[in-house]
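In what follows, a single structure is set out as structure tokens and then discussed.
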Amino acid sequence: MRTQVAIVGGGPAGLMLARLLELRGIESVVLEARDREYVQQRVRAGVLEQPTMDLMDEVGVGERMHREGLVHHGVELRFAGEGHRIALSDLTGGRAISIYGQQEVVKDLIDARQASGLPLYFEVSDVSVDPDAPRVEFTHEDSRHVLDCDFIAGCDGSHGVCRPAIASVLTEYHRDYPFGWLGILARCRPASEELIYCHHERGFALASMRSMEVTRMYLQVPPDEDADRWSDEEIWDELDRRFGMEVNRGEVFEKGVTPMRSSVVEPMQHAKLYLAGDAAHIVPPTGAKGLNTAMADVCLLAHAIEASYGGDDAKLAAYSERALERVWRVQHFSWWMTSMLHRFAGDDDFQLKLQLSQLRYTTSSPAQATALAENYVGLPFAA
Ligand code: APR
Ligand code: PHB
């Protein structure tokens, strides 16, 4: 087999890259380890930045997002028992975010790929990549395949094979946070019209949603917490305590603990292999940046690959450097939000006062509120 770009991983990064390449007349083959059902059901993030919404429109898959997504023009920061609204759109010249589950984005991109009749293989196994050849080998339906290509896109997430294949040339930067998030999905109206990020002495809490009928809530918990140790009742009671109000309750139909960590590898490329999305970097979910940063990477990569076929290799050579500028901005923002809102083991009262001061400043100074808002709605994707 032969193609121009072999894309390892059919998550948001791999599927969006395939779509961007298709629209530029560049061939690709997408290889996904899981089955279609699994990738479409997997519960992940739910906030699309303005540039991600714009990208969905640009590649012609934004129709259902506009119909079913919930556009939000603000978020609330809650601390010392009071809510303070950050007017995202007023502070950013009308930019906004949309609540639209990652699995919905994945569904829309898979549908578009299949409508175009282009190759997307599910349930591939034993994937190996040779970044120099370049070549990808994999097993599909009991047959071994060799896929020769011009470029390999490593979009296979944080547990994939692409990053390990070039580990010897990579420097890894890590930060583990000493807590996790216990998250639930429940059938009830959201606690509020907009998301609430809540600082509390007992720990952080977040009120989010998937629709006006499905609420998504999170509680800061110890990093190795067993979700089953919490009854639904205990979760709701703790949410009420931290938010300082009675939140709407309903049937809990999904419960799990998300670890909180940051990591970045540099460079994001070696030989003919280019990493994008979670394969190259992870952020804690506090800034809602994981999916959006993956989209920013593949946007840049698609432009660079297109330029390369047009005879200009400079953009591809500079891919990692350009991508990492935005990646580190997002890392900083995610770290800043996380540090401001969570209680760390061993924090003293001095630290608590510093956090409250920062929160007060962020919600009262237009300059500081604007800094939060422009990062939250998403800094522009580099073209
Ligand atoms: N071969 C083929 N596919 C693989 C392999 C492999 N060896 N290993 C993993 N995969 C697949 C996974 O099953 C998954 O569908 O690669 C895909 C990677 O998708 P994601 O993990 O969703 O990563 P990405 O596309 O970079 O999306 C950005 O950021 O914060 C997160 O929640 C956010 O998952 C989102 C991610
Ligand atoms: C979510 O709805 O899952 C969500 C929202 C905002 C975040 C993280 C997760 O910062």
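Because only heavy atoms are used, hydrogens play no part in the values below, and waters and symmetry mates are left out as well, while side chains stay in. All ligand and atom numbering here is 1-based and tracks the order in the structure. If you're wondering where the values come from, they're calculated on a predicted model, not measured in any experiment.
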Can you report which non-hydrogen protein atom sits closest to [atom], along with the distance?
| atom | answer |
| --- | --- |
| atom 22 (O) of ligand 1 | R44 NH1, 2.9 Å |
| atom 25 (O) of ligand 1 | A13 N, 2.9 Å |
| atom 3 (N) of ligand 1 | A33 N, 3.2 Å |
| atom 4 (C) of ligand 2 | Y218 CE1, 3.9 Å |
| atom 8 (C) of ligand 2 | P285 O, 3.2 Å |
| atom 33 (C) of ligand 1 | Q102 OE1, 3.0 Å |
| atom 9 (C) of ligand 1 | D156 O, 3.2 Å |
| atom 19 (O) of ligand 1 | G11 CA, 3.5 Å |
| atom 2 (O) of ligand 2 | S208 OG, 2.6 Å |
| atom 10 (O) of ligand 2 | Y197 OH, 2.6 Å |
| atom 30 (O) of ligand 1 | G290 CA, 3.2 Å |

Report task. Show your reasoning for whether salt bridge (Lys or Arg N to Asp or Glu O under 4.0 Å) applies to R135 and D148. Result -> CA-CA 5 Å; R135 180 179 303 129; D148 288 303; 2.8 Å; yes
Residue selection (non-hydrogen contact nearest [atom]) among [options]:
| atom | options | value |
| --- | --- | --- |
| atom 27 (O) of ligand 1 | G277, P12, S128 | P12 |
| atom 12 (C) of ligand 1 | E32, M16, R34, M295 | E32 |
| atom 1 (N) of ligand 1 | L291, V127, L15, D126 | V127 |

Ligand-residue contact atoms, ligand 2 with [X], heavy atoms, under 4.0 Å:
| X | result |
| --- | --- |
| V47 | 5 (C), 6 (C) |
| R216 | 2 (O), 3 (O) |
| L195 | 5 (C), 6 (C) |
| T286 | 10 (O) |

What about [X]: any of its N or O atoms under 3.5 Å from an N or O on ligand 1?
| X | answer |
| --- | --- |
| V124 | no |
| H159 | no |
| D278 | yes |
| A279 | no |

Query raised in the report: With a 4.0 Å cut-off on heavy atoms, does R42 reach ligand 1?
Result: yes
Report task. Please determine, by modelled atom types, if E22 and S116 share a side-chain donor-acceptor pair under 3.5 angstrom. Result ->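 Present: a donor and an acceptor within the cut-off.
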Between [atom1] on residue [X] and [atom2] on residue [Y], distance to nearest 0.5 Å:
| X | Y | atom1 | atom2 | result |
| --- | --- | --- | --- | --- |
| R78 | S192 | CZ | OG | 9.0 Å |
| E246 | D240 | CD | CG | 5.5 Å |
| N292 | Q102 | CG | CD | 9.5 Å |
| S339 | H332 | OG | NE2 | 8.5 Å |
| F381 | L300 | CZ | CG | 10.5 Å |
| H199 | Q220 | NE2 | CD | 9.0 Å |

If every non-hydrogen atom of [X] is compared with every non-hydrogen atom of [Y], which pair is closest and at what distance?
| X | Y | answer |
| --- | --- | --- |
| N375 | R329 | OD1-NH1, 2.9 Å |
| V298 | L20 | O-CD1, 3.8 Å |
| A294 | A13 | CB-CB, 4.1 Å |
| M260 | T338 | CE-CG2, 4.1 Å |
| A165 | V129 | CB-CG2, 3.4 Å |

Report task. Tell me, with the steps shown, if H342 and Y177 meet ring-ring contact (aromatic ring centres under 6.0 Å, His included). Result -> CA-CA 10 Å; H342 292 74; Y177 296 92; 7.7 Å; no
Closer than 4.0 Å to some heavy atom of [X] - which atoms of ligand 1 meet that?
| X | answer |
| --- | --- |
| G160 | 8 (N) |
| V161 | 7 (N) |
| C155 | 16 (O), 17 (C), 18 (C) |
| V8 | 1 (N), 2 (C) |
| L31 | 2 (C), 3 (N) |

Requested in this report: Please lay out, stage by stage, how L372 and L91 fare under the test side-chain contact (heavy atoms from CB on, under 4.5 Å).
Outcome: CA-CA 9 Å; L372 188 154; L91 293 164; over 6 Å; no
Query raised in the report: Does one hydrophobic cluster hold both L70 and I196, with members joined at side-chain heavy-atom distances below 4.5 Å?
Result: no
Query raised in the report: Does one hydrophobic cluster hold both L352 and M340, with members joined at side-chain heavy-atom distances below 4.5 Å?
Result: yes
Query raised in the report: Given R175 and S334, is the side chain to side chain donor-acceptor pair (under 3.5 Å) satisfied, shown in steps?
Result: CA-CA 12 Å; R175 172 138 318 172; S334 304; over 6 Å; no
Report task. Give a yes/no verdict on whether any heavy atom in M337 is under 4.0 Å from an atom of ligand 2. Result -> no
**Report entry** Contact with ligand 2 for I99, non-hydrogen, under 4.0 angstrom
**Finding:**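 Under 4.0 Å: no for I99.
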Contact (N/O only, under 3.5 Å) between [X] and ligand 2:
| X | answer |
| --- | --- |
| A45 | no |
| W181 | no |
| R210 | yes |

Report task. Applying ring-ring contact (aromatic ring centres under 6.0 Å, His included), run through F79 and H84 and close with a yes or a no. Result -> CA-CA 8 Å; F79 56 94; H84 305 258; 4.5 Å; yes
